[in-house]
Amino acid sequence: MDGRKTAKIAALAVGIAAVPLSFLHPVDWNAVGIYAGCHWYGRLAYPFFHANILHCVLNLWCMLSVVFIYDIGIWRMILAYLFAVTAPVDALDALLSFDNPTIGLSGVVYVLFGSISFEVLRKWYYQSWMLFYIAIGFLFPNTNAWLHLYCYLCGFVVALFNKPVEIKR
C-alpha cells in the first residue's frame with residue numbers, strides 16, 4: 001500500500017476516533033489539553049479532543065480536504081502531528097500567558113496547510129487567505145491563534161526546504 005493511501009486511511013481513522021471524543025467532556029480539560037507545563041500525555045492527546053461536535057467537524061473537514069485533494073503522504077501527516085504536539089507552549093506562555101488548555105486538530109491542519117503552500121496553483125491568493133484565517137483567529141476568544149501561526153510556519157518552512165529548485169538556462 002502506498003503512502004498516500006495509508007495517509008487517507010489514517011485521516012479517516014483520526015476522524016473515527018475524534019468524533020466520539022468530541023461528545024466526551026472531561027471534568028478537567030488540563031488532562032487532555034496542551035498548555036505550559038502540561039504532561040506528555042496531554043501533548044499527545046490534545047489533537048483528538050474537541051470542545052464540541054462543530055469544532056470537530058470543521059477540523060476534520062479541513063484535514064480530510066487537504067489529505068484527499070493534495071499529495072499528502074503518511075510521513076507528511078506524521079510530521080504534521082509531531083510539529084503540532086511539540087508546539088513550544090512553555091516558551092509562548094512566558095511571553096503571552098496562556099491560561100486555558102488548547103484542544104483540537106487545528107494544529108495538525110495548519111501544519112498541513114503550510115506544507116501545501118507551494119503546491120497550490122494560486123499561491124498569492126492562497127497565502128492571502130491563510131493570513132486572513134490566522135489573523136481572524138486572534139479576534140476570537142478561546143482560539144489559540146499563536147499555535148495556528150506556529151504550526152502554519154512549521155509546515156511552510158518544511159515546504160520551502162522541500163520545494164523543487166528550478167534551474168533556468
(request) Could you grab the distance from atom CG of Asn144 to atom SG of Cys151, nearest 0.5 Å is fine? (result) 9.0 Å
(message) Quick check for you: to the nearest 0.5 Å, what is the distance between Leu149 atom CG and Met130 atom CE?
(response) 10.5 Å
(message) I need the minimum non-hydrogen distance between Cys38 and Arg43, along with the two atoms involved.
(response) SG-CG, 3.5 Å
(request) Kindly indicate whether the side chain of Ile116, heavy atoms from C-beta on, has any atom under 4.5 Å from the side chain of Ile72. (result) yes
(message) Are Ile136 and Trp129 connected into the same hydrophobic cluster when the rule is that any two of I, L, V, M, F, W, Y join if their side-chain heavy atoms are below 4.5 Å apart?
(response) yes
(message) So, taking the atom named SG in Cys62 and the one named CG in Leu112, what distance separates them when rounded to the nearest 0.5 Å?
(response) 10.5 Å
(request) Determine, step by step, whether Tyr70 and Val120 satisfy the side-chain contact (heavy atoms from CB on, under 4.5 Å) criterion, reporting the C-alpha distance in whole Å, the side-chain angles of both residues, the deciding distance to 0.1 Å, and the verdict. (result) CA-CA 9 Å; Tyr70 291 92; Val120 296; 3.3 Å; yes
(request) Go through the steps for Phe156 and Phe118 under the test ring pair (Phe, Tyr, Trp, His ring centres under 6.0 Å), then give the verdict. (result) CA-CA 9 Å; Phe156 183 84; Phe118 298 104; 5.3 Å; yes
(request) State the CH2-CG distance between Trp61 and Leu105, to the nearest 0.5 angstrom. (result) 14.0 Å
(request) Check whether any side-chain heavy atom of Ile78 lies under 4.5 Å from a side-chain heavy atom of Tyr81, and answer yes or no. (result) no
(request) State, without any angle test, whether Asn59 and His55 hold a side-chain donor-acceptor pair at a distance under 3.5 Å. (result) yes
(message) Test of understanding: clusters of I, L, V, M, F, W, Y form through side-chain heavy atoms closer than 4.5 Å, transitively. Do Val109 and Phe138 belong to the same one?
(response) yes
(message) Quick check against the 3.5 Å criterion: does Arg4 have a side-chain atom that pairs as donor or acceptor with the backbone of Asp71?
(response) no
(request) For Tyr150 and Trp146, test the side chains for any donor-to-acceptor distance below 3.5 angstrom and give the result as yes or no. (result) no
(request) Measure the acute angle between the ring planes of Tyr110 and His148, then classify it against the limits of 30° and 60° as parallel, tilted or perpendicular. (result) parallel
(message) Can you give me the closest heavy-atom contact between Asn52 and Ser22, atom names plus distance?
(response) O-CB, 3.9 Å
(message) If hydrophobic clusters are built from ILVMFWY residues whose side chains come within less than 4.5 Å, do Trp40 and Ile103 share one?
(response) yes
(request) Would you name the heavy atoms of Pro20 and Gly15 that are closest together and state the gap between them? (result) CD-O, 4.5 Å
(message) Within this structure, what is the OG-CZ distance for the pair Ser106 and Phe113, rounded to the nearest 0.5 Å?
(response) 9.5 Å
(request) Taking all heavy atoms of Asn162 and all of Val158, pick out the closest pair and write down the distance. (result) ND2-O, 2.8 Å
(request) Report whether Leu131 and Leu160 are members of the same hydrophobic cluster (ILVMFWY, side-chain heavy atoms less than 4.5 Å apart, transitive linking). (result) no
(request) If the plane angle is over 60° it's perpendicular, under 30° parallel, otherwise tilted; pick one for His39 and Tyr41. (result) parallel
(message) So, taking the atom named CG in Leu58 and the one named CE in Met63, what distance separates them when rounded to the nearest 0.5 Å?
(response) 13.0 Å
(message) Test your reading of the model: is there a side-chain donor-acceptor pair from Arg76 to the backbone of Val67, 3.5 Å cut-off?
(response) no
(request) Using the rule that two of Ile, Leu, Val, Met, Phe, Trp, Tyr join whenever any of their side-chain heavy atoms come within less than 4.5 Å, decide whether Ile69 and Tyr133 are in one cluster. (result) yes
(request) Over all heavy atoms of both residues, which pair between Ser115 and Ala159 is shortest? Give the atoms and the distance, please. (result) O-CB, 3.5 Å
(message) Show the nearest heavy-atom pair for residues Ile74 and Ala10, with the distance to one decimal.
(response) CD1-CB, 3.7 Å
(request) Under the side chain to side chain contact (heavy atoms under 4.5 Å, CB included) rule, collect the residues that match up with Phe68, sequence neighbours excluded. (result) Lys8, Leu12, Leu64
(message) Counting C-beta onward and ignoring hydrogens, is there a side-chain heavy-atom pair between Thr102 and Tyr35 closer than 4.5 Å?
(response) no
